[in-house]
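Remarks on the structure that follows.
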Amino acid sequence: MQEPAAGTSRRETGLDLARGLAVAGMAIVNFDLALAGDGGPSWLATLVESVQGRASALFVVLAGVGIGILSQRRGTTARSTIARRGIALFVGGLALLAVWPADILHFYGLWFVLVVPLLGRSRRTLLALAAFLVALFPALVLLGVDYERHWDFEALEYEGVLTADGFVRHLTFNGFHPTIPWFAYLLAGLALSDLLTDRRVSVLALAALTGAIAMATEWLSPRLVASVVPEAGPLLDTSSIPPGPPYVIAGGATAISVLALCIHIGRRPRRWRVLRAVEECVCAAGRCALSLYVLHVLVGIVPAYALTDEARGPELSRPQVTLFWLAWCAVFFTAAWAWTARGRTGPFEAALRRVAP
C-alpha cells in the first residue's frame, strides 16, 4: 500500500520515512520483549517502554493511509486488491505466529478485509466508528468479558491461541493487537489520508495539534488512575496492555503527529549530505517495511533463541539489546537502500503484489 496519492507527480517521501521509523521502533520493542532480561539503566527501560505500542500504532495508521491512497487512485477496483492482500497477510501472519506470538501481520490482514466495505465512507463516519471501537473495549470489560483469559502476564505470554475460544478472543478482544480497539488506528489513517497527502493542508499544524493531544493524555492518565479504584486503573493507563481509551488516544495522536512531521520533513530539501544519506536509508527501509518486519523476527529473534540453551531465551541486558538493535538497523537499513537503489521493491512486498497486483 505505498502508491503515491492521486494528483501527485512523485512519491510522498514522508510516508516512507514514517514507515522506516515505525519498523525501527517495532524492532527495538520486540527485541526488548524477546531478548532482554534484567539489567541496564532505568532510563533505557523507560525509553523502550515509551515506544511500546506507539511504533506499531504508527504502522497501522500508515496502513490506513496507504489504503486511502490506493482507493483514491483506483476507485472501486481497489477493493479486490485490498481484500486479497489482506487474506495473504493473514495467512502469512499465521505462519509467523508459530515462531513469534506477538505477530501483528495476521491482525493487519484481518483489518484489510474488514475495511473493504468502509471504503468511500465519509471522514466523519470513519472517525465515529473508530471512536465507537475505542469506547467498546472498556464497555466490554466493565460488562464482565474476561480480558485476562488465556494470558500469563508474568511471562507476557498468550496461552491457548490454537483453541477456538483463544483464537477468537486473541483476534477480537485480548490478543497483543486486538481488533477492538486496534482497528480504530487503521480507520483513523484512512479517514485522514486525503488531508495528509494534500499539499494545501498544513501538516505541521496537524502535527502540533495531535502532539498536544498526546501529551495532554499522557499527563492526565496517571491522575485519573490515582483517582479511581485499583480495578479500573488499568483501563485508564496509557500502556498498550490492556488497550484502554487513554492508550488508544495517546498512541493514535502520537502516530499521527509523527507521521505529519515526517511528511513535513520529506517535503523540505536536505542541505547536509549526512542527513540526506540517513534519510535515504530510513526511506528505503520504509519501502521494504513488510520485508524488514518479517526479517527482524526470522533474522533477529529466532536465531537468538536457537543459539542459546536457556529456555526463556538469551536474557540480555538492555544495553546489549540496544546495541544489537543498532547493529541490526545499520545492516538491514543499508541493505534496503542497496536493494531499492536498483529499482527493486522488498522481496515480501513483491510477493504480496504478485498475489494481489
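- At a threshold of 4.5 Å between non-hydrogen side-chain atoms, the residues R84 and R79 do not count as touching.
- A304 and L35 make their closest contact through CB-CD2, 3.6 Å (heavy atoms, listed as atom of the first residue, atom of the second, distance).
- Panel note: side chain W151, backbone N174; a donor-acceptor pair is recorded below 3.5 Å.
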I would like to know whether F332 and V299 meet side chain to side chain contact (heavy atoms under 4.5 Å, CB included); could you show each step before the answer?
-> CA-CA 10 Å; F332 282 89; V299 193; 3.7 Å; yes
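- Two residues are said to be in side-chain contact when any heavy atoms from C-beta on lie closer than 4.5 Å; L186 and F112 meet this criterion.
- Residues in residues 129-149 take part in these side chain to side chain donor-acceptor pair (under 3.5 Å) pairs, two or more places apart or across chains: R149-D165.
- Taken to the nearest 0.5 Å, the NE2 atom of H177 stands 16.0 Å off from the CZ atom of F183.
- With salt bridges taken as basic N to acidic carboxylate O contacts below 4.0 Å, none links R287 and E349.
- A pairwise comparison of heavy atoms in V61 and A255 identifies CG2-CB, 4.0 Å as the closest pair.
- Note that the CG atom of L70 and the CD1 atom of I82 stand 5.0 Å from one another [nearest 0.5 Å].
- The heavy-atom pair separating V145 from R169 by the smallest distance is CG1-NH1, 4.2 Å.
- Checking side-chain atoms of S221 against main-chain N and O of T217 turns up no donor-acceptor pair under 3.5 Å.
- Looking only at distances, a side-chain donor or acceptor of N30 sits under 3.5 Å from a matching main-chain atom of M26.
- Under a 3.5 Å cut-off, the side chain of Y158 and the backbone N or O of G166 do form a donor-acceptor pair.
- In this structure, Y247 contributes its side chain and G53 its backbone to a donor-acceptor pair below 3.5 Å.
- Taking the six-membered ring where the residue is Trp, the centroids of F107 and H170 are separated by under 6.0 Å.
- Using a 4.5 Å cut-off on side-chain heavy atoms (C-beta onward), L292 and F348 make no contact.
- Put simply, the side chain of L96 reaches to within 4.5 Å of the side chain of L298, judged on heavy atoms.
- Partners of L21 under the side-chain contact (heavy atoms from CB on, under 4.5 Å) rule, at least two apart in sequence or in another chain, are C262, V282.
- With rounding to the nearest 0.5 angstrom, the CG atom of L114 is 4.5 Å from the CG atom of L110.
- Side-chain heavy atoms closer than 4.5 Å link hydrophobic residues (I, L, V, M, F, W, Y) into clusters, and following such links, even through other members, never connects I87 to I104.
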Please report the C-alpha distance between F324 and F31 in whole Å, then the side-chain angles of each, then the deciding distance to 0.1 Å, and finally whether the ring pair (Phe, Tyr, Trp, His ring centres under 6.0 Å) criterion is met.
-> CA-CA 9 Å; F324 177 76; F31 288 161; 5.0 Å; yes
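- Counting only distance, with no hydrogens or angles, the side chain of R54 and the backbone of G251 share no donor-acceptor pair below 3.5 Å.
- Legend: side chain to side chain donor-acceptor pair (under 3.5 Å) pairs involving residues 128-141, not counting sequence neighbours: none detected.
- Judged by distance alone, the side chains of R353 and T345 never bring a donor and an acceptor atom under 3.5 Å apart.
- When all heavy atoms of P303 and V297 are compared, the closest pair comes out as CD-O, 4.1 Å.
- The distance from the CG atom of L15 to the CD1 atom of I263 is 5.0 Å, given to the nearest 0.5 Å.
- Scanning for side-chain contact (heavy atoms from CB on, under 4.5 Å) contacts around R354 gives A350, A351, with sequence neighbours left out.
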Can you check side chain to side chain contact (heavy atoms under 4.5 Å, CB included) on R318 and D32, steps first, answer last?
-> CA-CA 7 Å; R318 278 206 167 91; D32 184 78; 2.7 Å; yes
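- Residues satisfying the side-chain hydrogen bond (donor to acceptor under 3.5 Å, both in side chains) criterion with T163, sequence neighbours excluded, are absent altogether.
- Contacts classified as side chain to side chain donor-acceptor pair (under 3.5 Å) and involving residues 95-105 (residues at least two apart or in different chains) are given here: D103-H106, D103-Y293.
- Applying the 6.0 Å contact sphere to CZ of R268 captures no more than 12 heavy atoms from other residues, nucleotides or ligands.
- Following chains of ILVMFWY side-chain contacts shorter than 4.5 Å, one can reach L133 starting from L235, so the two form part of one hydrophobic cluster.
- Looking at W182 and P243, their side chains come closer than 4.5 Å, going by heavy atoms from C-beta outward.
- Other cluster members for V355: none, since no ILVMFWY side-chain heavy atom sits under 4.5 Å from it.
- Rounded to the nearest 0.5 angstrom, R19 CZ and F59 CZ are separated by 9.0 Å.
- Distance alone, capped at 3.5 Å, places no donor-acceptor pair between the S193 side chain and the I69 backbone.
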Check the pair V115, W111 against side chain to side chain contact (heavy atoms under 4.5 Å, CB included), reporting the backbone distance first and the verdict last.
-> CA-CA 6 Å; V115 83; W111 302 332; over 6 Å; no
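- Residues F173 and T179 are not in side-chain contact: their nearest non-hydrogen atoms beyond the backbone lie 4.5 Å or more apart.
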Contacts under 3.5 angstrom, residues 202-214 side chains, donor-acceptor by atom type, not counting sequence neighbours:
unit_1	atom_1	unit_2	atom_2	d
S202	OG	A205	N	3.2
T210	OG1	L206	O	2.8
T210	OG1	A207	O	3.3
T210	OG1	S257	N	3.3

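- A search for side-chain contact (heavy atoms from CB on, under 4.5 Å) contacts involving L195 returns R123, L192, V201, not counting sequence neighbours.
- With hydrogens and angles disregarded, no donor-acceptor distance shorter than 3.5 Å links the side chain of E218 to the backbone of T238.
- Separation of atoms SG (C283) and CZ (F333) is listed at 10.5 Å; rounding is to 0.5 Å.
- Clustering ILVMFWY residues whenever any of their side-chain heavy atoms sit less than 4.5 angstrom apart, transitively, puts V302 in the very cluster that holds V321.
- Judged by distance alone, with hydrogens and angles left aside, the side-chain atoms of S71 form no donor-acceptor pair with the main-chain N or O of G68 at under 3.5 Å.
- Grouping Ile, Leu, Val, Met, Phe, Trp and Tyr residues whose side-chain heavy atoms lie under 4.5 Å apart, directly or via other members, places L220 in a hydrophobic cluster with W219, L224, V225, V228, L236.
- At a threshold of 4.5 Å between side-chain heavy atoms, the hydrophobic network of Ile, Leu, Val, Met, Phe, Trp and Tyr places I301 and V29 in one connected group.
- Following chains of ILVMFWY side-chain contacts shorter than 4.5 Å, one can reach V99 starting from L162, so the two form part of one hydrophobic cluster.
- Side-chain contact between T81 and R74 is present, with heavy atoms from C-beta onward closer than 4.5 Å.
- Annotation: side-chain contact (heavy atoms from CB on, under 4.5 Å) contacts of F167 (sequence neighbours excluded): F90, L94, V161, L171.
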Would L187 and L127 count as a side chain to side chain contact (heavy atoms under 4.5 Å, CB included) if you check the C-alpha gap in whole Å, the side-chain angles of each, and the deciding distance to 0.1 Å?
-> CA-CA 7 Å; L187 293 174; L127 292 178; over 6 Å; no
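- Heavy atoms only, all atoms of each residue included: G266 and T13 are closest at O-CB, 4.0 Å.
- Y108 and V60 make their closest contact through CE1-CA, 4.2 Å (heavy atoms, listed as atom of the first residue, atom of the second, distance).
- The side chain to side chain donor-acceptor pair (under 3.5 Å) analysis of residues 328-343, with sequence neighbours excluded, yields no pairs.
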